[in-house]
Amino acid sequence: METLREGRERGGGDASTSDARKANGAPTGAKREEIDRVRKSLPIYRAKDRLMEEIRKSETVIIIGETGSGKTTQIPQYVYEDMTLTNGLMIGVTQPRRVAAVSVSRRVADETGTAHGTLVGYAIRFEDVSSEETRIKFLTDGMLLREAVGDPLLSKYGVIMIDEAHERTLQTDFLLGTIKGVQRRRRESLGEDQYGRALPPLRVIVMSATLEASSFSKFFDGAPVIYSRGRTFPVEMFYTEEPEEDYLDAAMWTVLQVNEEEAAGDVLVFLTGQEEIESLGRMLREKASELPSNVLKLNVVLLFAALPPEEQMKVFEPTPLGTRKVVLATNIAETSLTINGIRYVVDSGLSKLRTHHPRSGVDELLVTPIAQSQAQQRAGRAGREAPGKCFRLYTEEIMPSLEKYVKPELLRTNLSGVVLQLKAMQVDDILSFPFIDPPPKEALLRSLELLYSLDALDDDGKLNDVGKKMARFPLEPMAARCVIAAEIEGCAIETLAVLSMLSTDSVFQFSREADGQKNVARHKLKRKEGDHLTLLRVFNEFSACSPKRSRDWCREHQINHRAMTKAVKINEQLTRAAMSQGINLTSCEDDFTLVLRSLVSGFFMNTASKEMDGSFKVFTTGQKLTIHPSSVMFQSPPETILFNELVRTNKMYARDVSSIKKSWLSELASKTFSRRSTN
DNA sequence: GAGCACTGC
């Protein structure tokens, strides 16, 4: 989809430095030999001939490659070397995460001795380091899905490889279904490229790390499965004899015991969230100061996504002699980040899991026992460089009672975005879309209902002009609908800013230590109408700062600079998308009522009124809720509220809340609110 | 008066 493609922000620089290197000559003989030697030493190399034979024979192949097999970097190159497989078209390799797409791309560019962005490149949101020459392209699966909206036959690709398929992310599962449809249409010769030439069949290679191969094989009509061993070290398992009552306490004693009894090597502790990580951090640091002189000193570091990047980097600093690093992490350390030097893992057996309930529209974020596959993955983190040990803070007996795999995200998420995108890809019969694990029919029907109430669908269930515009924005349908309304209200600039802020992680930093300061800072930026306009104010004040000043401004106000930078980028992307849709970008200046009206036009399902007892009740579902204490509306709750989302943690909380007029509902969302029911 | 696991367009 051209309209959403970004310019080459980092790409330009990256390519030019690489060009310089190329001008100085491709890798020297010695370096070339070294690269070849390493490539041939990878486990996947031993399977190369068998693998390529299968790939040539079958349109679709499933590859099970354990960690360290080299499948991600090598197979794209093997496939590229065989011209008959690609027909001169591109090889697309998808990854669930941005960093992986970039780093693997860079590696493969190095191995092929070409400048990054020429033969080998990547495309992720906000960055495109690829060119006309690019034949091996790494992308996030979300990016390939966006491409499929503008090019439903994926006509630029001869081969698609879907990596890390076992993670079963929303985007990967969505992509698997999409790819299957593309294969069918290209096979049935319904497809031709932009010059009217018939497209060759689309070859697909699904790569997965676990043995969950049969479901992929079955999904692709019995595609052959090839196994490739990995390269990891054995990990010895230890369990508790009795269930732990206080696993935080147990984790602390386990760490201290490891430190006392085990050989050198760093420790990784898996916990569920920021709060308990900070709390165990305090406990351990206290104990660490009283350690006898004959044991290693403890260097406790914390790791979770909300941590500022500088703090996160501490995890990667090498451990000084005479000390032992103890990393307290969320499941960010399970897949997203790999830390060198870990020999011991302490596993709480728990993680936070988000689950959506379509009927009530509520999301739950609850501490949940992990799946067996996660337990295995966590333990494996101890055996990447040498034999290791894993201490599980649960009994061996409960293992069989754990789910085998994490429930696929597609089965526990709000599907309205997926359904909107399907409609945009002209998949009209949503219920017959080939999902590898079909979501409950009710979840799909609820999504269709929502799209209908947002005026995105006509009576036949086809996308209308409003819906087509909405699908062009990288936003959830309710948010996308606000953009359409904002044009009519005459406040597109302000509404896009609010939506950009809602699209990022919370910009307000919180931590027990800095609490006092934070409240003061937030209070200073508060706007009485609610959180949405407070966010607008934060966005505008940040934008008014010079780049140099903006860091100081963030520090003064306890605002997360990284989140702000992302909000600005998203705002730029949304603004470009709006312009390409011919939407008038007007400003309402100080008439903030118009912004709130635009938000109501999209988020009218997320509205509630105050009850006699002071609690709130959602108009449409009757769901009871409480305003989250972090909201600027917490102190003085208004009669009628609009909120961004409803998440149940300890209580049912509405997050990001603003005060609205009840009468707007029947005016702006007449399909859902008749005049009689609200006035 | 409480707290936001992790991704992605």
Side-chain angles (χ1 to χ4, degrees), chain A residues 1 3-6 94-101 123-128 139-150 164 167-175 270-279 303-307 329-337 348 350-355 363-368 370 374 406 409 412-413 417-418 420-421 424 471-476 479-480 503-512 514-515 518-519 560 563 566 569-570 573-574 577 626-631 634-635 637 644-645 647-656:
Chain A
M1 202 169 94
T3 51
L4 287 181
R5 291 268 296 268
E6 283 269 343
T94 70
Q95 295 289 328
R97 282 170 293 279
R98 295 161 52 93
V99 274
I124 59 178
R125 189 180 190 181
F126 307 131
E127 280 177 56
D128 185 352
L139 10 65
T140 45
D141 18 35
M143 200 67 190
L144 189 60
L145 276 169
R146 279 285 162 183
E147 285 190 14
V149 176
E164 313 284 9
E167 287 190 24
R168 305 298 308 273
T169 65
L170 174 69
Q171 315 265 35
T172 301
D173 275 13
F174 187 7
L175 189 59
F270 283 102
L271 299 165
T272 66
Q274 172 175 354
E275 202 173 358
E276 64 181 30
I277 284 173
E278 286 178 343
S279 145
L303 181 63
F304 43 87
L307 209 63
T330 60
N331 45 8
I332 191 172
E334 218 172 89
T335 50
S336 304
L337 290 176
S348 66
L350 300 167
S351 72
K352 276 189 189 165
L353 195 70
R354 195 172 177 123
T355 304
D363 276 351
E364 279 181 334
L365 191 69
L366 299 178
V367 173
T368 317
I370 58 172
Q374 277 177 294
V406 190
E409 192 183 2
R412 49 183 178 83
T413 200
V418 170
L420 179 63
Q421 222 173 331
R472 292 279 164 175
F473 289 92
L475 291 170
E476 287 296 307
S503 297
T504 62
D505 304 325
S506 172
V507 299
F508 297 104
Q509 292 177 338
F510 68 92
S511 118
R512 221 174 266 281
D515 227 10
K518 182 203 73 179
N519 286 338
N560 182 335
K566 191 174 167 198
K569 275 192 174 182
I570 293 174
Q573 191 186 35
L574 293 178
T626 312
I627 296 178
H628 195 275
S630 66
S631 169
F634 181 73
Q635 304 282 1
N644 186 50
E645 60 175 358
V647 181
R648 185 163 85 90
T649 49
N650 288 330
K651 275 193 196 169
M652 191 68 75
Y653 285 116
R655 296 214 192 120
D656 291 313

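Every heavy atom of this structure was used, including side-chain atoms; hydrogens, water molecules and symmetry mates were not. We name chains A, B, ... by the order of the sequence lines, and we start the count at 1 in each one.
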A:T649 side chain N/O closer than 4.0 Å to the phosphate oxygens (OP1, OP2) of B:dC4? yes
In Å, rounded to the nearest 0.5 Å, how long is the span from NE2 of A:H628 to CG of A:N644? 13.0 Å
Which of these nucleotides, B:dA5, B:dT7, B:dG8, is closest to any side-chain atom of A:Q274? B:dA5
May I ask you to verify if any side-chain N or O of A:T169 is less than 4.0 angstrom from the OP1 or OP2 atom of B:dC6? no
Picking from B:dT7, B:dC9, B:dC4, the nucleotide nearest the side-chain atoms of A:M143 would be B:dC9
According to a strict under-4.0 Å criterion, is A:N650 in side-chain N/O contact with OP1 or OP2 of B:dG3? yes
Base, sugar-phosphate, or nothing for A:R354, non-hydrogen atoms under 4.0 angstrom? base
A:S503 or A:R412: which one's nearest nucleotide on DNA chain B is closer to the 5' end? A:R412
Distance in angstrom units between A:F473 CZ and B:dG8 C1', rounded: 18 Å
Using the side-chain heavy atoms of A:Q635, tell me which of these nucleotides is nearest: B:dC9, B:dG1, B:dC6. B:dG1
Look up atom CZ in A:F270 and atom CD in A:E334, then write down how far apart they are to the nearest 0.5 Å. 5.5 Å
On the nucleotide B:dG8, are OP1 or OP2 found under 4.0 Å from the side-chain N or O atoms that A:R97 carries? no
Over how many whole Å does the gap from A:L307 atom CG to B:dC4 atom P extend? 17 Å
Protein-nucleotide distance (A:K566, atom NZ; B:dC6, atom P), rounded to Å: 12 Å
Please state how far atom CD in A:E476 lies from atom P in B:dG8, giving the value in whole angstrom units. 15 Å
To the nearest angstrom, the NZ-C1' distance between A:K569 and B:dG8 comes to 14 Å
Do the side-chain N or O atoms of A:R146 get closer than 4.0 angstrom to the phosphate oxygens (OP1, OP2) of B:dG8? no
Does the side chain of A:I570 come within less than 4.5 Å of A:R125's, by heavy atoms? yes
Select base, sugar-phosphate, or nothing to describe what A:D141 touches, counting heavy atoms under 4.0 Å on all strands. nothing
Validation row: A:L366, A:T355 side chains within 4.5 angstrom (heavy atoms): no
Base, sugar-phosphate, or nothing: which does A:L353 touch, judged by heavy atoms less than 4.0 Å apart? nothing
Considering only heavy side-chain atoms of A:T140, the closest of B:dG8, B:dC6, B:dA2 is B:dG8
Could you check whether any side-chain heavy atom of A:Q421 comes within less than 4.5 Å of a side-chain heavy atom of A:R146, counting everything from C-beta outward? yes
Among B:dA2, B:dC9, B:dG8, the one nearest any side-chain atom of A:P474 is B:dC9
Whole-Å gap separating P (B:dG8) and CG (A:D505): 10 Å
Looking at B:dG1, B:dC6, B:dC9, which one has an atom nearest to any side-chain atom of A:N331? B:dC6
Testing the basics here: between A:A101 and A:I124, what is the closest heavy-atom pair and its distance to 0.1 Å? CB-CG2, 3.9 Å
May I have the distance from A:M652 (atom CE) to B:dA2 (atom P), rounded to whole angstrom? 16 Å
Give A:T330 one of three labels, base, sugar-phosphate or nothing, depending on what nucleic acid heavy atoms sit under 4.0 Å from its own. sugar-phosphate
Nearest-nucleotide 5' precedence on DNA chain B, A:K651 against A:Q421: A:K651
Would you say a side-chain N or O of A:Y653 is under 4.0 Å from OP1 or OP2 of B:dG3? yes
Any side-chain heavy atom of A:E164 sitting closer than 4.5 Å to one from A:D141? no
Nearest-Å distance for atom pair CD/P, residues A:Q573 and B:dC9: 8 Å
Heavy atoms from C-beta onward define the side chain here; which of B:dC4, B:dC9, B:dG3 lies closest to that of A:R655? B:dC4
